[in-house]
Amino acid sequence: MCEVKNFYLWLLQILALLGILALCLWLILRPKAPNYSIVDITIPPGSLASSEDQNATIYYDLEIENPNKDSSVYYDDLLFTFYYGQYTVGQKTIPSFHQGRSKTRQVVDYLEVKPSVWTSFRNAISNGKAELKASLLTKVRYKTWGQRSKHHKLDLVGILPIGSDGKISGKKKRIKLRHSSRKWRKYKA
């Protein structure tokens with residue numbers, strides 16, 4: 001009778017040890033979400049000086065960093081949108097790609113500003129009170145030890161103060177995109 005209790009106690013200890021080991025492995029190997037930062041925004045001075053309603057262009061520099069040392073990241077198409085208030089300024093789709101472990105990718109591109117929004121946005125820039133909201137939507141999959149994970153949805157937002165020169169104003173020149181709040185999601189509909 002005593003030997004049976006010792007056997008069950010020994011078996012319980014082994015299961016507890018395996019559970020703790022599995023938890024530690026999960027915590028160590030769990031991938032971190034990629035970091036997205038807007039490094040630069042430029043609205044050409046020629047677009048700002050023009051008084052007529054024309055198409056304008058916003059040039060941006062987006063940095064995507066994979067902080068994982070043991071996981072690579074597979075991105076679906078990234079939908080990158082700029083908002084001025086509740087109006088959509090412009091959208092750009094960045095094609096899907098793969099990013100290796102501990103790698104950083106620079107996306108330098110431009111988007112055309114919608115003419116319906118450009119006049120009010122240009123006036124706000126000339127007053128030095130323009131504020132763009134950048135939104136990024138995508139799904140990612142992580143590959144760790146040869147296994148791909150399920151899709152993880154990313155919905156990120158960043159607020160960009162734009163100065164009268166058409167560039168990011170303020171002390172912070174690098175704006176990190178963060179998870180959007182429920183309050184911001186109301187404005188997108």
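Starting from 1, each residue takes its place in the sequence as its number. No hydrogens, no waters, no symmetry mates; every other heavy atom, side chains included, goes into these values. As the structure is a prediction and not an experimental result, all values here were calculated from the model.
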*side chain to side chain donor-acceptor pair (under 3.5 Å) partners of residues 7-21, not counting sequence neighbours, each pair once*: none
*Distance from T93 atom OG1 to D76 atom CG, nearest 0.5 Å?*
12.0 Å
*Validation row: Y142, P34 side chains within 4.5 angstrom (heavy atoms)*: yes
*Could you give all pairs that pass the salt bridge (Lys or Arg N to Asp or Glu O under 4.0 Å) test and reach residues 78-107, with sequence neighbours left out?*
K92-D109
*Taking side chain as C-beta onward, heavy atoms only, is S149 less than 4.5 Å from T144?*
no
*May I ask you to test the I64-V73 pair for a side-chain heavy-atom distance under 4.5 Å?*
no
*Should Y36 and T138 count as side-chain neighbours, where that means a heavy-atom distance under 4.5 Å?*
yes
*Which atom names give the shortest non-hydrogen contact between V89 and Y83, and what distance separates them?*
CG2-C, 3.8 Å
*asked:* Tell me every residue that passes ring-ring contact (aromatic ring centres under 6.0 Å, His included) with H151, counting only those two or more places apart in sequence or in another chain.
replied: none
*Any link between F82 and Y59 through a network of hydrophobic side chains (Ile, Leu, Val, Met, Phe, Trp, Tyr) touching at under 4.5 Å?*
no
_Run H179 and L156 through side-chain contact (heavy atoms from CB on, under 4.5 Å) and show every step you take._
CA-CA 4 Å; H179 290 284; L156 307 169; 3.7 Å; yes
*Side chains of Y84 and I162: closer than 4.5 Å at any heavy-atom pair?*
no
*asked:* Return the CZ to NE2 distance between R141 and H98, rounded to the nearest 0.5 Å.
replied: 11.5 Å
*Please examine the side chains of F80 and I38, heavy atoms only from C-beta on, and report whether any two atoms are closer than 4.5 Å.*
yes
*For N68, does its backbone N or O pair with a side-chain atom of N66 as donor and acceptor, under 3.5 Å?*
yes
*What's the shortest heavy-atom distance between K143 and G146, and which atoms?*
CE-CA, 3.9 Å
*asked:* For a quick test of reading the model, state the closest non-hydrogen atom pair linking I125 to G163 and the distance between them.
replied: CG2-O, 3.4 Å
*What pair of heavy atoms forms the shortest contact from I159 to I175, and how long is it?*
O-CG2, 3.7 Å
*Compare every heavy atom of S72 with every heavy atom of G100, then report the nearest pair and how far apart it is.*
CA-CB, 4.1 Å
*Mind checking whether V39 and L78 sit in one hydrophobic cluster, side chains of I, L, V, M, F, W, Y counted as touching below 4.5 Å?*
no
*Which heavy-atom pair separates T88 from K114 by the least distance, and what is that distance?*
O-CD, 3.4 Å
*Between atom OG of S164 and atom NZ of K167, what is the distance when rounded to the nearest 0.5 Å?*
12.0 Å
_Test item: D77 side-chain N/O and P95 main-chain N/O as donor-acceptor pair under 3.5 Å_ = no
*pair L17-L21: side-chain heavy atoms closer than 4.5 Å*: no
*Dump the intermediate steps for side-chain contact (heavy atoms from CB on, under 4.5 Å) on L62 and L177, then the final yes or no.*
CA-CA 10 Å; L62 176 69; L177 300 181; 4.3 Å; yes
*Do F121 and L132 touch side chain to side chain, with heavy atoms closer than 4.5 Å?*
yes
*Using the rule that two of Ile, Leu, Val, Met, Phe, Trp, Tyr join whenever any of their side-chain heavy atoms come within less than 4.5 Å, decide whether V140 and Y74 are in one cluster.*
no
*CA sep, side-chain torsions, deciding dist, call: T57, E112, side-chain contact (heavy atoms from CB on, under 4.5 Å)*: CA-CA 5 Å; T57 306; E112 298 292 327; 3.6 Å; yes
